[in-house]
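I have placed the structure first, in the form of C-alpha cells, so that the comments after it can refer back to it.
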Number of protein chains: 2
Amino acid sequence: MRRIAESTVRRLSLYLSFLEEFETQGTDTVSSEALALRGRTTSAQVRKDLSHFGSFGKRGLGYGVPQLAERLRSILGLDRRYRMVVIGAGKLGSALVQHRGFSERWFDVVAIFDNDPAKIGRALDGITILDVGRLEEYLGQTPADIGVIVTPADPAQSVADLLVATKVRAILNFAPAQLSVPHDVALRNVNLSLELEALAFTLADY
Amino acid sequence: MRRIAESTVRRLSLYLSFLEEFETQGTDTVSSEALALRGRTTSAQVRKDLSHFGSFGKRGLGYGVPQLAERLRSILGLDRRYRMVVIGAGKLGSALVQHRGFSERWFDVVAIFDNDPAKIGRALDGITILDVGRLEEYLGQTPADIGVIVTPADPAQSVADLLVATKVRAILNFAPAQLSVPHDVALRNVNLSLELEALAFTLADY
DNA sequence: GTTTGTGAAACGATTCACAGCT
DNA sequence: AGCTGTGAATCGTTTCACAAAC
C-alpha cells in the first residue's frame, strides 16, 4: 500500500490509546470530533488519517469504539506479539527493561546483552544478562523482531550491523549515533540530548 | 523571527555534533556537502537550514568549523546553562539523572522530586530526592528553566500545572499522557510505547 | 440533522538550479 | 573552478468544504 506518513502513524497510536480510554468508560460510539478533541487535533485530520486504511465509520453517527480500536490494532500490527532484544544493561537499558509500557502489551523483552563481565549472568526483571559476544549465536537460534540499542555511541554501529545480520527487522536506537542500516530495516532514534537542545532553542527564541 | 520547523532544529543540533567531531579531528573547514554526508541529508538542505539564521559560509570555500559551531551554539541557545528539575525518581527518572548526555554540557539537574517516602531523602547522583509536596516552595525560591516529568500518566498533568505555575518555561514529558500547557510553555513528549508501535506498524506493513 | 469520506485548496518543507562571491 | 545563498519548482501534509449516507 502507499506510504503512510510518520506523523499519521503516531496519531493512529494515540487514537488507539484514546479509544481504549473510551472503552473502559463504557462509551460505545465516538465522532471524529471527539477523538480530535482528546488528541489536540482536528476532526478532518482524524478522518483523513483513518481514510488511508478504509471507511470505518457510520455517517451521521460516528465510529464504534471497540470496532475502531480493533481495526487500529490490526493496522498498527498490534494483533501479534513482538520479540525484543535489548543490547546494553546500563542504567538506561535496565530502566527500559523494567519500565511498564515497554515490556508489556505487545512487546516482550526476550533477551538482554552486555559486554561487562560484572553484569553478565545477573538477572534483570527475571531475564539473565548474556554476553554480547553470544548475540549472533542466540539470535541465530531464536530470532527477534526488534533490537533496542542502549549502548554508548561508539559500539552502536557494530551492534546494529550484528542485529541486521541476524535478521532483526526493526531497531530502536537510544545511542547518540547516526546508524546506517539497510532500507528494509526500520530504524527509530531516541536522542535525549537532541530533545533538550530543541527545548533550549525555543527557550532562547533566537 | 519567523517560525523555525521542528525538523530544522533537530538537524541543527546534529550539525553541531558533527562540527564538534570535525573540530576534534582538526578539520578547520567543511562544505555543506561534507556536513550533509555525515548527517544523511543533502547539501541544499544544510544550506537552507543555515540560511534561516544568516550567511555563515564563504563561497568557493565552505564554513569555518569552529566559527559555525559557535554560531550554532548561539542559535540553539547553548551559550548558557539550563537548570532542570526532574519529577519522578523511579527507574527511568533515576537512569536519566545518571545518564551522561543528559545532565552534562549545558543542562544541570538541580533537583529531583518524588512522592514516595522511601525515596525522599535518598541521594541520586549526589542530589537529594525531595518531597514533591515541596516543589512549589522550592521553585519559588530557586526557579528552573526545564521540568522533566518521569511520573506515571495519572499525576503527570497536575505536575505539569505545578511546573507552569512556578514559571518553568519548558517541559520534557516521558509520561504517556497528553499534557495541556499554555502556548508559551515549550513541551516535548517522549513516549516509548509510541516508538515501539511505530516500529510494529512498519513490521506489519499493513 | 448529524457526521463521515474525500477531492480541491492551502500550506509547509524539501529539492532544484543557478547567479553571485571567493 | 568551487561552493554558498536563494528564488522557483516540487513534493508532501493539513485544512477546507461539501456531497453522500444514515
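Computed from a prediction, not measured in an experiment: that's the story for all the values here. So that the names make sense, note that chain A is the first sequence line, chain B the second, and so on, each numbered from 1.
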Any side-chain N or O of [X] below 4.0 angstrom from OP1/OP2 of [N]?
X	N	value
B:T42	C:dT14	no
B:Y63	D:dG2	no
B:R3	C:dA13	yes

Starting from [atom2] on [N], measure out to [atom1] on [X] and report it in whole angstrom.
X	N	atom1	atom2	value
B:R47	C:dC16	CZ	P	11 Å
A:R71	C:dG5	CZ	C1'	15 Å
B:H52	C:dT14	NE2	C1'	10 Å
B:Q45	D:dG5	CD	C1'	14 Å
B:I4	C:dG12	CD1	P	13 Å
A:E6	C:dA13	CD	P	16 Å
B:K48	D:dT10	NZ	C1'	13 Å
A:Q67	C:dT4	CD	P	14 Å

**Report entry** Cation-pi geometry met for A:R105 and A:F107 (6.0 Å, 45°)
**Finding:** no

Query raised in the report: CZ of B:R80: more than 12 outside heavy atoms within 6.0 angstrom?
Result: yes

Report task. Taking atom types as modelled, find out whether A:E195 and A:N191 have a side-chain donor-acceptor pair closer than 3.5 angstrom. Result -> no

Query raised in the report: For the side-chain hydrogen bond (donor to acceptor under 3.5 Å, both in side chains) test, which of A:R47, A:Q45, A:H52 pairs with A:D49?
Result: A:Q45

Requested in this report: Classify the nucleic acid contact of B:S43 as base, sugar-phosphate or nothing, counting any heavy atom under 4.0 Å across all strands shown.
Outcome: nothing

Query raised in the report: Taking for each residue the nucleotide of DNA chain D bearing the nearest heavy atom, is the 5' side occupied by A:K58 or by B:L61?
Result: B:L61

Query raised in the report: In terms of the nearest nucleotide of DNA chain C, which residue is placed more toward the 5' end: A:S55 or A:G60?
Result: A:G60

Query raised in the report: So, the side chain of B:D114 versus the backbone of B:G88: is there a donor-acceptor pair under 3.5 Å, distance only?
Result: no

Query raised in the report: Sub-3.5 Å donor-acceptor pair from the side chain of A:R10 to the main-chain atoms of B:A198, do we have one?
Result: no

Query raised in the report: Would you say the side chain of B:R59 and the base of C:dT22 hold a donor-acceptor pair, judged only by whether the two atoms sit under 3.5 Å apart?
Result: no

Report task. Taking only heavy atoms on the protein side, list every residue of residues 25-39 of chain B lying under 4.0 Å from any atom of DNA chain D, sorted numerically. Result -> B:S31, B:S32

Requested in this report: Report the distance from atom CD of B:E197 to atom CZ of B:F201, rounding to the nearest 0.5 Å.
Outcome: 12.0 Å

